S.K.: 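Pasting in a structure now, in structure tokens, and then I'll have a few things to ask.
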Amino acid sequence: MQKHKLVIAVAGASGSIYAKVLFDRLLLLQAQWEKVGVVMSDNAKYNWELELENQDYKNYPFDFYDKRDFMAPFASGSAQYNSMIVCPCSMGFLGRVAAGISDDLSSRAADVILKERRKLILLSRETPLSLIHLQNMQRLTEAGAIICPAVPSFYSKPKTFEELAATVIDRALDLAGFQLNDSYRWGESAD
């Protein structure tokens, strides 16, 4: 099995619990990845601290990059990162990527992933959606991105916020090609 090289962008939308659960899940899947590069916007750090009341994002063993670091390996397609998950994805970030604006490392990485025809998975966080949001989502879908709204499911009967967020994160990791053994699967027994 080829190990993943994954880019994660944490944009400034509310929903830091999704990023935390993504980071935690990746720790459990360490045998499946070679590199995880993370870029967090200033608003993402602020939201994490506000919503989760800690700075634990600093404690994960991933490669963290400053949003202005265009020397990061995934700023070029030659580094061959297979996929990128934007979690959570703000409508501002989604709009910049849809318009081809690469004004920071996160949007440059998304641009690279799209041009290389690799998997760009956007966990969008907004409600309600304007026509502009929907048109940007359509444009990105036509360009090959996967819009995976951060809409949790309830049929697995989650009991905590983390379990609820995991219903979204597990779908995103599935889409990125990770093998999950403990994820709830519709119509399959839990044994």
Side-chain angles (χ1 to χ4, degrees), residues 4-26 29 33 35-48 51 57 60 62-70 72-75 77 79 81-127 129 132-152 165-178:
H4 294 270
K5 290 171 75 175
L6 175 69
V7 181
I8 298 172
V10 185
S14 177
S16 300
I17 188 73
Y18 290 109
K20 178 198 180 303
V21 171
L22 175 58
F23 290 176
D24 290 343
R25 285 292 213 233
L26 286 169
L29 299 170
W33 52 266
K35 292 185 182 285
V36 174
V38 179
V39 185
M40 293 182 73
S41 72
D42 294 337
N43 283 343
K45 293 173 187 175
Y46 175 81
N47 284 344
W48 184 300
E51 295 172 359
Y57 58 85
Y60 288 91
F62 309 128
D63 298 325
F64 282 81
Y65 295 87
D66 184 88
K67 66 183 180 179
R68 297 172 300 261
D69 183 0
F70 284 85
F74 47 84
Y81 277 70
N82 340 39
S83 53
M84 178 174 180
I85 299 174
V86 183
C87 173
C89 181
S90 67
M91 289 301 110
F93 181 84
L94 192 143
R96 285 188 296 282
V97 175
I101 298 170
S102 300
D103 62 348
D104 65 7
L105 179 58
S106 294
S107 53
R108 171 61 186 165
D111 189 38
V112 166
I113 291 290
L114 283 175
K115 80 178 183 67
E116 297 291 331
R117 308 296 192 266
R118 297 180 184 143
K119 288 187 179 180
L120 174 61
I121 302 158
L122 303 153
L123 276 68
S124 56
R125 276 278 307 123
E126 190 63 76
T127 192
L129 297 170
I132 294 168
H133 299 151
L134 294 168
Q135 289 172 336
N136 285 336
M137 289 179 181
Q138 178 182 354
R139 189 172 191 176
L140 283 170
T141 299
E142 290 171 346
I146 300 170
I147 307 298
C148 181
V151 178
T167 67
V168 173
I169 296 307
D170 288 354
R171 284 291 282 148
L173 288 168
D174 275 345
L175 291 167
F178 284 86

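Here, residue 1 is the first one in the sequence, and each next residue gets the next number. Keep in mind that what you see is a predicted model, and the values were worked out from it rather than measured.
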S.K.: Is there side-chain contact between Val97 and Leu120, with at least one heavy-atom pair below 4.5 Å?
M.R.: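 Touching, per the 4.5 Å side-chain cut-off.
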S.K.: Test your reading of the model: is there a side-chain donor-acceptor pair from Trp33 to the backbone of Leu26, 3.5 Å cut-off?
M.R.: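 Confirmed, Trp33 side chain pairs with Leu26 backbone.
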S.K.: Starting at NE2 of His4, measure out to CG of Leu173 and round the result to the nearest 0.5 Å.
M.R.: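 One finds 9.0 Å between NE2 of His4 and CG of Leu173.
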S.K.: Going from CE on Met84 to CD1 on Ile121, what distance comes out if it is rounded to the nearest 0.5 angstrom?
M.R.: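 Between Met84 CE and Ile121 CD1, I get 10.5 Å after rounding to 0.5 Å.
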S.K.: Under a 3.5 Å distance rule, please check whether Arg96 uses its side chain to pair with a backbone N or O of Gly92 as donor and acceptor.
M.R.: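 Indeed, once roles are kept as given, a pair shorter than 3.5 Å links the two residues.
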S.K.: When rounded to the nearest 0.5 angstrom, what distance separates CG in Leu22 from CD1 in Ile85?
M.R.: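 That separation rounds to 5.0 Å.
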S.K.: Using a 4.5 Å cut-off on heavy atoms from C-beta on, say whether the side chain of Val86 contacts that of Ser106.
M.R.: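 When only atoms from C-beta onward are counted, Val86 and Ser106 do not touch, as no gap falls below 4.5 Å.
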S.K.: Closer than 3.5 angstrom, by distance alone: can the side chain of Ser83 be matched with the main-chain N or O of Lys119 as a donor-acceptor pair?
M.R.: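 Not confirmed, Ser83 side chain does not pair with Lys119 backbone.
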S.K.: If you compare all heavy atoms of Pro73 against all heavy atoms of Tyr81, which two are closest, and at what distance to 0.1 Å?
M.R.: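 Minimum heavy-atom contact is CG-OH, 3.7 Å.
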S.K.: Report yes or no: does Glu126 contribute a side-chain atom to a donor-acceptor pair with the main-chain N or O of Met91 at less than 3.5 Å?
M.R.: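 Side chain of Glu126 to backbone of Met91, a donor-acceptor pair under 3.5 Å: no, none is there.
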S.K.: Taking all atoms of both residues into account, what is the closest heavy-atom pair of Leu105 and Ala75, and its distance?
M.R.: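 Shortest heavy-atom contact: CD1-CB, 3.9 Å.
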S.K.: Please report the shortest heavy-atom distance between Ala109 and Val7, naming the atom on each side.
M.R.: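 Scanning both residues, the minimum pair turns out to be CB-CG1, 4.2 Å.
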S.K.: Between Arg139 and Gly95 (side chain of the first, backbone of the second, donor and acceptor by atom type, cut-off under 3.5 Å), is there such a pair?
M.R.: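 Judged by distance alone, no pair lies under 3.5 Å.
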S.K.: Between Leu140 and Leu122, is any pair of side-chain heavy atoms under 4.5 Å apart?
M.R.: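 Yes, close enough: below the 4.5 Å cut-off.
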S.K.: Going by heavy atoms in the side chains, are Cys87 and Ile169 under 4.5 Å from each other?
M.R.: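 In contact.
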S.K.: Would you find a donor on one side and an acceptor on the other, under 3.5 Å apart, between the side chain of Lys5 and the backbone of Ala79?
M.R.: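 It does hold such a pair.
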S.K.: Working to the nearest 0.5 angstrom, can you tell me the gap between Ser16 OG and Asn43 CG?
M.R.: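 If I round to the nearest 0.5 Å, the distance is 10.5 Å.
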S.K.: CG of Leu175: more than 12 outside heavy atoms within 6.0 angstrom?
M.R.: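 Enclosed.
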S.K.: Identify the heavy atoms of Leu123 and Ala172 that sit nearest to each other, and give their distance.
M.R.: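 Heavy atoms of Leu123 and Ala172 come nearest at CD1-CB, 3.7 Å.
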S.K.: Taking side chain as C-beta onward, heavy atoms only, is Ile147 less than 4.5 Å from Leu94?
M.R.: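 A side-chain contact under 4.5 Å exists here.
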S.K.: Under 3.5 Å, is there a donor-acceptor pair between the side chain of Asn47 and the main chain of Gly12?
M.R.: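 Side chain of Asn47 to backbone of Gly12: a pair is present.
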S.K.: Provide the closest heavy-atom pair for Ala143 versus Leu114 in the form atom of the first, atom of the second, distance.
M.R.: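 Shortest heavy-atom separation between Ala143 and Leu114 comes out as O-CD2, 3.7 Å.
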S.K.: Is the Phe74 to Tyr65 ring centre distance short of 6.0 Å?
M.R.: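 Centroid separation for Phe74 and Tyr65: below 6.0 Å.
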S.K.: Check whether any side-chain heavy atom of Gln138 lies under 4.5 Å from a side-chain heavy atom of Thr141, and answer yes or no.
M.R.: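 No - every pair of side-chain heavy atoms lies 4.5 Å or more apart.
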S.K.: Thinking salt bridges, do Arg108 and Asp103 make one under a 4.0 Å N-O criterion?
M.R.: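 No, Arg108 and Asp103 are not salt-bridged.
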S.K.: Taking all atoms of both residues into account, what is the closest heavy-atom pair of Val10 and Ala19, and its distance?
M.R.: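 Result for this residue pair: CG1-CB, 4.0 Å.
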S.K.: Tell me, do Leu6 and Lys35 make a side-chain contact under 4.5 Å, heavy atoms counted?
M.R.: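 SC-SC contact between Leu6 and Lys35 ruled out.
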S.K.: Check the pair Val36, Val38 against side-chain contact (heavy atoms from CB on, under 4.5 Å), reporting the backbone distance first and the verdict last.
M.R.: CA-CA 6 Å; Val36 174; Val38 179; 4.0 Å; yes
S.K.: Please enumerate all residues that pass salt bridge (charged side-chain N to carboxylate O under 4.0 Å, His left out) together with Arg125, with sequence neighbours excluded.
M.R.: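 Partners of Arg125 by the salt bridge (charged side-chain N to carboxylate O under 4.0 Å, His left out) criterion come out as none, since no residue qualifies.
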S.K.: Could you walk me through whether Val168 and Val151 satisfy the side-chain contact (heavy atoms from CB on, under 4.5 Å) test, starting with their C-alpha distance in whole Å, then the side-chain angles of each, then the deciding distance to 0.1 Å, before giving a yes or no?
M.R.: CA-CA 7 Å; Val168 173; Val151 178; 5.6 Å; no
S.K.: Looking at Tyr18 and Ala150, would you say the former's side chain and the latter's main chain have a donor-acceptor pair under 3.5 Å?
M.R.: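 Flag set: sc Tyr18 to bb Ala150 pair under 3.5 Å.
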S.K.: Taking the basic N atoms (NZ, or NE/NH1/NH2) and the acidic carboxylate oxygens, is any pair closer than 4.0 Å for Asp104 and Arg68?
M.R.: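 Salt bridge between Asp104 and Arg68, a charged N being under 4.0 Å from a carboxylate O: no.
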S.K.: In terms of the angle between their ring planes, are Phe62 and Tyr60 parallel, tilted or perpendicular, with boundaries placed at 30° and 60°?
M.R.: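 Rings of Phe62 and Tyr60: parallel, under 30°.
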S.K.: Salt bridge between Lys115 and Asp111, side-chain N to carboxylate O under 4.0 Å?
M.R.: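 Salt bridge: no.
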S.K.: Which residue in the set Tyr46, Phe64, Trp48, Phe23 passes ring-ring contact (aromatic ring centres under 6.0 Å, His included) when paired with Tyr57?
M.R.: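 Of the listed options, the one satisfying the test is Trp48.
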